[in-house]
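Take a look at the structure below.
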Amino acid sequence: MVSSAALTIDAHVRRGDFHLDVAVVVQPGETVGVIGPNGAGKTTLLRAVAGLTALERGRILLGATPWDDPEAGVFVDPTRRQCPVVFQDYRLFPHLSVLDNVSYPHRAQGASRQSARTHASETLERLGLAELASRMPRQLSGGQAQRVAMARALTMTPQALLLDEPLAALDARTRQQVRMDLKAALTRFDGPTLLITHDPLEAMTLADRLLVLENGAVTQIAPPHEVAARPVSDYVARLVGINLYSGTLVAPGSVELTDSGGRLRTASDGSDTLGVGQPTLVALAPSAIAVHLERPTALSAQNVWPGRIRGVETLRDRIRLDVDGAPPALVDITQAAFAQLGLDLGATVWLSAKATEVVAYGAPVL
Amino acid sequence: MSRRGRTRPPLALVGPAALGIAFLTIPLLAMVFLAPWRDLPRLLSSPHVVQALRLSLLTATLSAALCLLVGVPLGWLLSRSNSRASRVIRALVTVPLVLPPVVGGVALLLAYGRTGLVGRQLYAATGWQIPFTTVAVVLAQTFVALPFMVVTIEGAMRAAGEQLVEAASTLGASGWFAFRTVTLPLLGPSIAAGAVLSWARALGEFGATVTFAGNLPGVTQAMPSAVYRAFESDPPTAVALSLVLLLVSVTVLIAFRDRWRPGTTSW
């Protein structure tokens, strides 16, 4: 493998009323997962890095080599970036066999048919796909097509790798297996990788860091566990299934919630650098909230508030209540508890949460 | 259920199906059986027939060329757009597929005839008129053949798409390399198929040709018109000419049978 360089992205693209505005550095060997709702600009970002869309302002660099720098008048054609895209629909060439599909990047670089096929065979062998070599794309299952598309990208020793929702077209069972293979391939790849996804599981398992993109702007860049535990936007909070509130630290360990009303005590601010009067985000996992029919009295929980059930949803092994109150909260309880308490829509309940479960943190300035 | 795991087809369906097969094949067999085989060389080499043959080959080839020239870009254009305008255009372009050819001939006269919508201006400006010339034969044939080309190309373009070329470019393929290795292989067979289809359709065109171009030996009398004329005075010649047209049709069918059977397209 060639020595790898970081991918520096400072991308500004305008599409009518839409502005994409992203700055991130992807380190060699690192996978940055780009997650965000539809229309957030994920694909535009990927196309800009691939060279399929030109930047309006900003720069894209591989190491010290500019790929796109409108100010300096530099634009490297996608052909010469060695930065393949694995598309959601794979885009295998339907008229070429698997072997010739994987040979394609070598042929495009001027290799003879023979030597291109030799390289391609080696790649297929290495990825355990050798027995597919003579198949045509239409004879492949979705999972196989995904692996072949990956092989076609990796065979050219890419400078950087771009994956556009690589598992989205697969059914749930295939996805698990392919995700593990993809994880292994990404671990071996020593260049920077940008992975676009809207599947939180895919993002959590494949990415070293997550970049949350909303309305063309970055709302958070952090390791997956951090994003899951301390989301900074409602979008991510919903995605990872966590209650997120914004408020102000009114006293040590006490947050006044701005939008939702109510007040939460937290035991997590000791280590944080939050100051009184400072804007604060508060995360509370639905599983950390308990439900009672009467106001609990002798309880170590320091947060207790009433609410009314306005939604009930069955998850795989538990029931998620949507409780209106100050603050409103998603609450997960077991099916047994649900039945035992005799809960239903419209029921009035009391919620409680330990101060140690309430995670307060400053809203990052991006 | 039979032992093979397939149900025996009911007689109520087999009967009509067999009737259909007989109905379609008996006329072809009749032509082959009753053809004046011994006189065939003489009949087909008569100056009258050679003239019709030559005119047919010339005009059908010119029509196919016109279809290529106009149909490929038009098919490409329609494949790139799904706007309301393009849907209307698509409908208009395919009308000649179902329009009785005679009606097509009448429409062509009304448009390009000496007193027609466009023909009037042409005649006033140049003193030349299209109807009853060889040009009229070519136009009539193109009118009925072009939709075949457009439909074939549009379908293929939709299947091929710009996306593969994009993928190729991120894999390092220059524009020309991608065109040569992706676009052309994917479209080439369709272009060829479209050309042969429109050529065959042009070769067989009769209704629009006779109406718009007439039936003048050597000028506008192509093979189908010659068959029609010969049938009144010289039936063996008509049969001989028909055999030639049958041979061409069967050849085209065999060469391209895979492309027309649904579900077996090669991409």
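Below, read A as the first sequence line, B as the second, and so on, with proteins coming before strands; counting in each chain starts at 1.
Minimum heavy-atom separation, A:Arg91 to B:Gln163: NH1-O, 3.3 Å. In this structure, A:Tyr104 and B:Ala178 approach most closely via the heavy-atom pair OH-CA, 3.7 Å. For B:Phe177 against A:Ala108, the heavy-atom pair with the smallest separation is CE2-CA, 3.6 Å. Between A:Pro94 and B:Leu186, the shortest heavy-atom distance links the atoms CG-CD2, 3.9 Å. Nearest heavy-atom pair across A:Val85 and B:Thr170 is N-OG1, 3.4 Å. For the pair A:Thr79 and B:Ala173, the tightest heavy-atom approach, listed with the atom from each and the gap, is OG1-O, 3.5 Å.
For A:Asp171, the CG atom is densely surrounded, since the number of other residues' heavy atoms within 6.0 Å is greater than 12. In this structure, A:Glu131 places its CD atom where more than 12 heavy-atom neighbours from other residues, nucleotides or ligands lie under 6.0 Å away. For B:Arg180, the CZ atom is densely surrounded, since the number of other residues' heavy atoms within 6.0 Å is greater than 12. More than 12 heavy atoms of other residues, nucleotides or ligands sit less than 6.0 Å from atom CZ of B:Phe143. Heavy-atom neighbours of A:Arg59 CZ from other residues, nucleotides or ligands within 6.0 Å: at or below the threshold of 12. Around the CD atom of A:Gln139, the shell of radius 6.0 Å holds more than 12 heavy atoms that belong to other residues, nucleotides or ligands.
Contact annotation for A:Asp77: neither backbone nor side-chain heavy atoms come within less than 4.5 Å of a heavy atom of chain B. Interface remark: A:Leu92 contributes backbone atoms only to the contact with chain B (heavy atom separation under 4.5 Å).
Distance CG/B:Leu171 to CZ/A:Arg152: 5.0 Å, rounded to 0.5 Å. Note that OG1 of B:Thr181 is 6.0 Å distant from NE2 of A:His95, once rounded to the nearest 0.5 Å. Rounded to the nearest 0.5 angstrom, B:Ser169 OG and A:Arg80 CZ are separated by 12.5 Å.
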